Amino acid sequence: MTTPMYDKLVDILVDRFEVDRAEITPEATFEDLDMDSLFLVELLVVVQTETGVQISEDTATPRDTIAHAAEAIAAQVLEATAATTP
């Protein structure tokens with residue numbers, strides 16, 4: 001089962017970075033997809049733009065799985081929205 005943030009991350013990878021959707025699985029790492037740390041910085045900037053939430057640069061590493069990165073991003077988005085909700 002996937003989460004909304006996982007689905008959003010997959011869509012960004014496919015639409016913005018032209019990654020083959022068939023290669024993306026929850027267990028795939030960014031290294032598996034031939035993505036380095038510079039790529040991750042670019043990816044997190046896009047995620048920030050899409051979510052409107054500041055995402056820490058150390059949220060994901062090339063060795064993290066796509067599912068792990070989605071969970072970490074979702075946690076930061078949830079934390080940011082909770083902090084702004086009265």
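Remember, predicted model here, so these are calculated numbers, not experimental data. Because only heavy atoms are used, hydrogens play no part in the values below, and waters and symmetry mates are left out as well, while side chains stay in.
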What is the minimum heavy-atom distance between [X] and [Y], and which atoms define it?
| X | Y | result |
| --- | --- | --- |
| Glu57 | Val41 | OE1-CG2, 4.5 Å |
| Ala60 | Ala69 | CB-CB, 4.0 Å |
| Val77 | Val53 | CA-CG1, 4.1 Å |
| Leu33 | Glu23 | CD2-O, 3.5 Å |
| Pro62 | Met35 | CB-O, 3.8 Å |
| Glu27 | Thr65 | O-CG2, 3.4 Å |

Checklist entry - By salt bridge (Lys or Arg N to Asp or Glu O under 4.0 Å), which residues pair with Glu50, not counting sequence neighbours? => result Lys8, Arg16
Next on the checklist: I'd like to know whether Gln76 forms a side chain to side chain contact (heavy atoms under 4.5 Å, CB included) with Thr59, so could you lay out the CA-CA distance, the side-chain angles of the two residues, the decisive distance to 0.1 Å, and finally the verdict.
Outcome noted: CA-CA 9 Å; Gln76 288 188 33; Thr59 298; 2.6 Å; yes
Next on the checklist: Pair Thr3, Glu71 - check side chain to side chain donor-acceptor pair (under 3.5 Å), show working.
Outcome noted: CA-CA 8 Å; Thr3 65; Glu71 288 174 20; over 6 Å; no
Gap separating the [atom1] atom of [X] from the [atom2] atom of [Y], nearest 0.5 angstrom:
| X | Y | atom1 | atom2 | result |
| --- | --- | --- | --- | --- |
| Thr2 | Ile24 | OG1 | CD1 | 12.0 Å |
| Thr29 | Asp64 | OG1 | CG | 8.5 Å |
| Ser56 | Ile73 | OG | CD1 | 10.5 Å |
| Leu44 | Asp58 | CG | CG | 9.5 Å |

Item to check | Stepwise side chain to side chain contact (heavy atoms under 4.5 Å, CB included) check, Val10 with Asp7 | outcome: CA-CA 5 Å; Val10 170; Asp7 293 337; 5.6 Å; no
Checklist entry - Which ring-ring contact (aromatic ring centres under 6.0 Å, His included) pairs, counting each pair once, include a residue from residues 38-80, with sequence neighbours left out? => result Phe17-Phe39
Item to check | Minimum side-chain heavy-atom gap Thr25-Ile66 below 4.5 Å | outcome: no
Item to check | Residues Phe30, Asp36; criterion side chain to side chain contact (heavy atoms under 4.5 Å, CB included); working and verdict | outcome: CA-CA 7 Å; Phe30 291 102; Asp36 60 13; over 6 Å; no
